[in-house]
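As a basis for the values below, the full set of heavy atoms in this structure was taken, side chains included, without hydrogen atoms, waters or symmetry mates.
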Amino acid sequence: EVQLVVSGGGLVQAEESLRLSCAVSGFTFDDNTIGWFRQAPGKEREGVACISGSGDRKYYGESVKGRFTISGVNMKNTVYLQMNDLRPEDTAVYYCATAPRTASFGSIWMDSSRYNYWGQGTQVTVSS
């Protein structure tokens, strides 16, 4: 059974940092792509970042590029999202998700419909 367990959300002030974790199980880490998404109230789900299971390919959404870093630790079956310089507009529920990898990588993996399995969300709130 595929499982993704998200942790690490919370309330922070603007310009502070948070690290989210996504512990995965039930599939071969290297065979999948893992993505982070977020959804703010009244808005569509937005792709934040994704990483290949091998860890050698990463892609970021424009709104977080340069501030967020995605990383994966295969031996720990965990994917992290380090979020620095947080802004109020980063406030959202954050999710991780996974799907079998394909030969293609990049912006196509910012599409939530590509993902088969989702973890529960974690709230991130950034106050100004």
Could you state the interatomic distance from [atom1] ([X]) to [atom2] ([Y]), rounded to the nearest 0.5 Å?
X: Thr98; Y: Ile51; atom1: OG1; atom2: CD1; value: 11.5 Å
X: Leu11; Y: Gln123; atom1: CG; atom2: CD; value: 9.5 Å
X: Met83; Y: Arg19; atom1: CE; atom2: CZ; value: 11.0 Å
X: Leu4; Y: Gln120; atom1: CG; atom2: CD; value: 9.0 Å
X: Ser104; Y: Arg57; atom1: OG; atom2: CZ; value: 8.5 Å
X: Ser112; Y: Glu46; atom1: OG; atom2: CD; value: 11.0 Å

For this session: Identify which one of Tyr80, Tyr94, Tyr95 satisfies the side chain to side chain contact (heavy atoms under 4.5 Å, CB included) criterion when paired with Leu20.
Result: Tyr94
I want to check something: taking the side chain as every heavy atom from C-beta on, are [X] and [Y] in contact at a cut-off of under 4.5 Å?
X: Tyr59; Y: Trp109; value: no
X: Tyr115; Y: Ile34; value: no
X: Leu86; Y: Phe68; value: yes
X: Asn116; Y: Val2; value: no
X: Arg114; Y: Ile108; value: yes
X: Ser71; Y: Gln82; value: no
X: Ile70; Y: Val79; value: yes
X: Cys22; Y: Val24; value: yes

Problem set entry | Donor + acceptor pair across side chains of Thr28, Asn32 (<3.5 Å) | no
Exercise. So, Ser54 versus Ser52: side-chain donor-acceptor pair below 3.5 Å or not?
Worked result: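 The answer is yes; a qualifying pair exists.
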Which pair of heavy atoms, one from [X] and one from [Y], lies closest together, and at what distance?
X: Tyr60; Y: Ala49; result: CD2-CB, 3.6 Å
X: Ser17; Y: Val12; result: O-CG1, 4.1 Å
X: Ser128; Y: Pro88; result: CB-CG, 3.8 Å
X: Asp30; Y: Gly53; result: OD1-O, 3.2 Å

Problem set entry | Electrostatic pair Arg38-Asp90, nearest N-O below 4.0 angstrom |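 Yes.
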Exercise. Near Lys65 NZ, under 6.0 Å, is it more than 12 heavy atoms from other residues, nucleotides or ligands?
Worked result: yes
For this session: Give a yes or no on this: more than 12 heavy atoms of other residues, nucleotides or ligands lie within 6.0 Å of atom CZ of Phe105.
Result: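 It does: Phe105 CZ has more than 12 such atoms within range.
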Exercise. Side-chain heavy atoms under 4.5 angstrom apart, residues restricted to Ile, Leu, Val, Met, Phe, Trp, Tyr: same cluster for Met110 and Val93?
Worked result: yes
For this session: Just do the side-chain contact (heavy atoms from CB on, under 4.5 Å) check on Thr91 and Glu89 with the steps written out, would you?
Result: CA-CA 5 Å; Thr91 295; Glu89 54 263 40; over 6 Å; no
Exercise. Given Phe37 and Trp118, is the ring-ring contact (aromatic ring centres under 6.0 Å, His included) satisfied, shown in steps?
Worked result: CA-CA 10 Å; Phe37 290 80; Trp118 291 80; 5.1 Å; yes
